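Let me begin by presenting the structure, written as structure tokens, before commenting on it.
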Amino acid sequence: MPVLRAVSPSAEPAPCRIVVCRDCCCGTPKVTGVDHAQQTARLAEQAPVRIAACLGVCEHANVIVVQPSAAARSAGARPVWLGLVNDSDATEDIAAWVRAGGPGVAPCPEILDLYVFTPPRKAR
């Protein structure tokens, strides 16, 4: 079970939440050209962020999971797993989607379809 620690957002909490993998591959020098701390901080400006130990999908590093709000989840929305989030444009696209409400509230921007993947059952 991953160990999670919360990073407080600087703005009012959005109705959805974000989980950012930061362990053996994600958030390390193995993934080059990414300011991992800045990526996490930018996302935390939009919604509560939890830092997770390895989510078990290292081949998709950096992994970010956008979780729907409780109301959206009750209406059928599910978490969206995004992999290979290794540039600031992708981070900005995620931040904008989360600001708009995230899964079940706002449609996922088409550009993020490039990053969406279904994790193996074990990683869920």
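FYI, the numbering just counts along the sequence from 1. Everything quoted here is computed from the prediction, not taken from an experiment.
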If you round to the nearest 0.5 Å, how far is [atom2] of [Y] from [atom1] of [X]?
X      : Y     : atom1 : atom2 : answer
Thr118 : Trp81 : OG1   : CH2   : 10.5 Å
Arg50  : Cys21 : CZ    : SG    : 15.0 Å
Arg99  : Leu43 : CZ    : CG    : 11.0 Å

Contact between [X] and [Y] at the side-chain level, heavy atoms closer than 4.5 Å - yes or no?
X      : Y      : answer
Tyr115 : Ile94  : no
Gln67  : Val19  : yes
Cys24  : Cys58  : yes
Cys16  : Trp97  : no
Cys108 : Pro103 : no

Could you state whether Val85 and Leu112 fall into the same hydrophobic cluster, counting links through intermediate Ile, Leu, Val, Met, Phe, Trp or Tyr residues with side-chain heavy atoms under 4.5 angstrom apart?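 Yes, Val85 and Leu112 fall within the same hydrophobic cluster.
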Starting from Val20, can I reach Val34 by hopping between I/L/V/M/F/W/Y residues whose side chains sit under 4.5 Å apart?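 Shared cluster, no.
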Are any side-chain N or O atoms of Asp23 and backbone N or O atoms of Ala53, one a donor and one an acceptor, separated by less than 3.5 Å?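 Judged by distance alone, no pair lies under 3.5 Å.
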Checklist line | Side-chain donor/acceptor of Glu45 to backbone N/O of Ala95, under 3.5 Å | finding: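 Looks like no, no N/O pair under 3.5 Å.
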side-chain contact (heavy atoms from CB on, under 4.5 Å) involving [X] - partner list, sequence neighbours excluded:
X      : result
Ser69  : Pro15, Ala71, Ala72
Pro107 : none
Ile111 : Asp93, Pro109, Leu114

Exercise. Among residues two or more places apart or on two chains, list those pairs meeting salt bridge (charged side-chain N to carboxylate O under 4.0 Å, His left out) that have a residue in residues 70-81.
Key: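 Passing the test, one end in residues 70-81: no pairs.
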Fellow cluster residues of Val105, listed by chain then number, with links counted only when side-chain atoms sit under 4.5 Å apart
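Hydrophobic cluster check, Val105: no partners found.
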**Message:** Can you tell whether the side chains of Glu92 and Arg42 come within less than 4.0 Å, N to carboxylate O?
**Reply:**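 A salt bridge is present here (some side-chain N lies under 4.0 Å from a carboxylate O).
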Exercise for review: Sequence neighbours left out, what pairs pass side-chain hydrogen bond (donor to acceptor under 3.5 Å, both in side chains) with at least one residue falling in residues 26-36?
Suggested key: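 Found His36-Asn62.
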| Neighbour count >12 (heavy atoms, 6.0 Å) for atom CD, Glu59 |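 Buried by this count: over 12 neighbours within 6.0 Å.
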Over all atoms of both residues, closest heavy-atom pair of Gly104 and Ala77: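 Closest pair (atom of Gly104, atom of Ala77, distance): CA-CB, 3.6 Å.
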Report task. Please name the residue in the list Leu82, Ile18, Leu55, Val80 that meets the side-chain contact (heavy atoms from CB on, under 4.5 Å) test with Val65. Result ->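 Only one option passes, and that is Leu55.
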